[in-house]
Number of protein chains: 2
Amino acid sequence: MAQIGTDEVETKPSRIQLRNRRKILDAALEVFSAHGFRGATLDQIARAAGLSKPNILYYFAGKEEIHVTLLTALMDTWLAPMREIDPDGEPLEELLRYVKRKLEMSRAYPRESRLFANEILQGAPMIGEGLKADLKPLVDRTAQLIERWASEGRLKPVDGRHLIFSIWATTQHYADFDAQVQVLMSGRDVHGDAVSFLDTLYRRMLAV
Amino acid sequence: MAQIGTDEVETKPSRIQLRNRRKILDAALEVFSAHGFRGATLDQIARAAGLSKPNILYYFAGKEEIHVTLLTALMDTWLAPMREIDPDGEPLEELLRYVKRKLEMSRAYPRESRLFANEILQGAPMIGEGLKADLKPLVDRTAQLIERWASEGRLKPVDGRHLIFSIWATTQHYADFDAQVQVLMSGRDVHGDAVSFLDTLYRRMLAV
DNA sequence: CACCTTTTTTACCAAATGGTAAAAGTACGA
DNA sequence: TCGTACTTTTACCATTTGGTAAAAAAGGTG
């Protein structure tokens, strides 16, 4: 039995299990991020993973479990850049580096960004609790840090939380609204220009 | 016959037709914006509209037609603020007013914002052409105007298109990611603070 | 190789869902 | 008020979809 229930002794997953679970999650990321949770079907995921539908359900208890697994794993990766803001670093540099890394993640992992955007758009039905437990403390702490920096005169005065929102919004926009961006930027070097635009935006906003 | 086919003579819609079409579109906006196109069902829409499912299909040819009708009607409203930027006005004032109006629309019409976000996230399958036809010319023109203002020294140098993206992203964020914003801003006056934050952000970005 | 466990396939199913046909009911002008 | 056109309901239907049972196949180990 591969599935791990609440009462069962957790045994090491075999090589086959690791390989197939990874294939399923990768396929599911592709399908969920393109069509949303309700728009995605197990058949699509199965086809993308190169497995049969019942075989998928041998590894995961159901469609929702696949989605939740993806989201919780994603949460960590997604928050990593914010965790790496150094309270002892130079404030402006730290924040501009954060912006750059978020933008780079948007470019490198657009599927993950869209998966997350879809979930939040629907009201975060599956990770609402995760937001409260993981995201909120980190944001509270970072917002406080930013405002302390500002009060020490090392940044212009700024609302920490809204600054964070604006950084998320402007960086993720390039992944989440890519269909629109592509129409409006046909042929241009979107990413390169975005890097320097956002650097300018937040430099003018924050530099004392 | 209420449905208007390509070959039919267009006759004036009766009072009943107007009332019911409006009820259906309002219900559909509610349901589509909350669950996305695929996540919404005709039964949900029918229930929200207080009509039976076949009755809905008497007024609209199908689920997709309802969605397309909503999106095309929305497009106009959505672009109105950008159309109202006055080329002969004071540049900074015009742009700050645009930001304010976009933010106000996010607050007053979150369902519309989410409907749009959902569609773009899925790759704009239904209004891709509308984007090219309506949105692109307007954005091209506005971006040019902004860059002319900048070259005349009335704004700091700025990439017009990326400025527009950032305005869209930061303002719509409050509607589209409301579930997240609520978790992180429990109890605060989100809108009021957002207004002054964005005013500051774009003032520092653009004021010469 | 023989045996037991893990993995995969085949054949299903029940519910949900978009949609239709046609009868019944309603509004309204002549 | 009669007749016609418009509107609504009832009773369906075909497909899709998430999920299951159980047999078959494949792995691995003594």
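Every chain is numbered from 1, with letters handed out A, B, ... down the list of sequences.
Contacts of A:Ala46 with the nucleic acid, taken as non-hydrogen atoms under 4.0 Å apart, are absent.
Comparing B:Thr41 and A:Ile56 along DNA chain C, the residue whose closest nucleotide (by nearest heavy atom) sits nearer the 5' end is A:Ile56.
The side chain of B:Pro54 lies closest to C:dA21, out of C:dA21, D:dT17, C:dT8. Proximity note for B:Arg38 (side chain, C-beta onward) versus C:dT17, D:dG19, D:dT17: the nearest is D:dT17. In the set D:dG18, C:dT7, C:dT20, D:dG18 carries the atom at the smallest distance from any side-chain atom of A:Lys53. Listed nucleotides: D:dT8, D:dG19, C:dT7. Nearest to the side chain of B:Tyr59: D:dT8.
B:Glu129 has a carboxylate O that lies under 4.0 Å from a charged side-chain N of B:Lys132, or vice versa, which qualifies the two as a salt bridge.
Between the CD1 atom of A:Ile66 and the C1' atom of D:dT17 there is a distance of 14 Å, given to the nearest Å. The distance from atom CG of B:Leu42 to atom P of D:dT15 is 18 Å, rounded to the nearest whole Å. Taking atom CG on A:Leu18 and atom P on C:dT6, their separation rounds to 15 Å, with Å as the unit. Taking atom CZ of B:Phe60 as the reference point, atom P of D:dT7 lies 13 Å away to the nearest angstrom. Regarding B:His67, its NE2 atom lies at a distance of 13 Å from the P atom of C:dG18, rounded to whole Å. If you measure from atom CG of B:Leu51 to atom P of D:dT10, you get 13 Å, rounded to the nearest angstrom. We find that CD of B:Glu64 is positioned 18 Å from P of C:dT17, with the value rounded to whole Å. Regarding B:Leu57, its CG atom lies at a distance of 19 Å from the P atom of D:dC12, rounded to whole Å.
For B:Ser52, no side-chain nitrogen or oxygen approaches OP1 or OP2 of D:dT8 to under 4.0 Å. Phosphate contact (OP1/OP2 of C:dT10, side-chain N/O of A:Asn55, threshold under 4.0 Å): absent. One finds a side-chain N or O of B:Gln17 lying less than 4.0 angstrom from the OP1 or OP2 phosphate oxygen of D:dT7. Of the side-chain N and O atoms in B:Asn20, one or more sit less than 4.0 angstrom from OP1 or OP2 of D:dT8. Under 4.0 angstrom from either OP1 or OP2 of D:dT8 there lies no side-chain N or O belonging to B:Tyr58.
Looking at A:Lys63, its side chain has no donor and acceptor atom pair within 3.5 Å of the base of D:dG19.
Applying the side-chain hydrogen bond (donor to acceptor under 3.5 Å, both in side chains) criterion to A:Gln182, with sequence neighbours excluded, gives A:Asp178.
Side-chain atoms of A:Lys63 come within 3.5 Å of backbone atoms of A:Ala40 as a donor-acceptor pair (strictly under, hydrogens ignored).
Cation-pi geometry between A:Arg107 and A:Tyr174 is not met at under 6.0 angstrom from the ring centre and within 45 degrees of the axis.
A perpendicular orientation is assigned to the rings of B:Phe32 and B:His67, their planes being inclined by more than 60° (bins at 30° and 60°).
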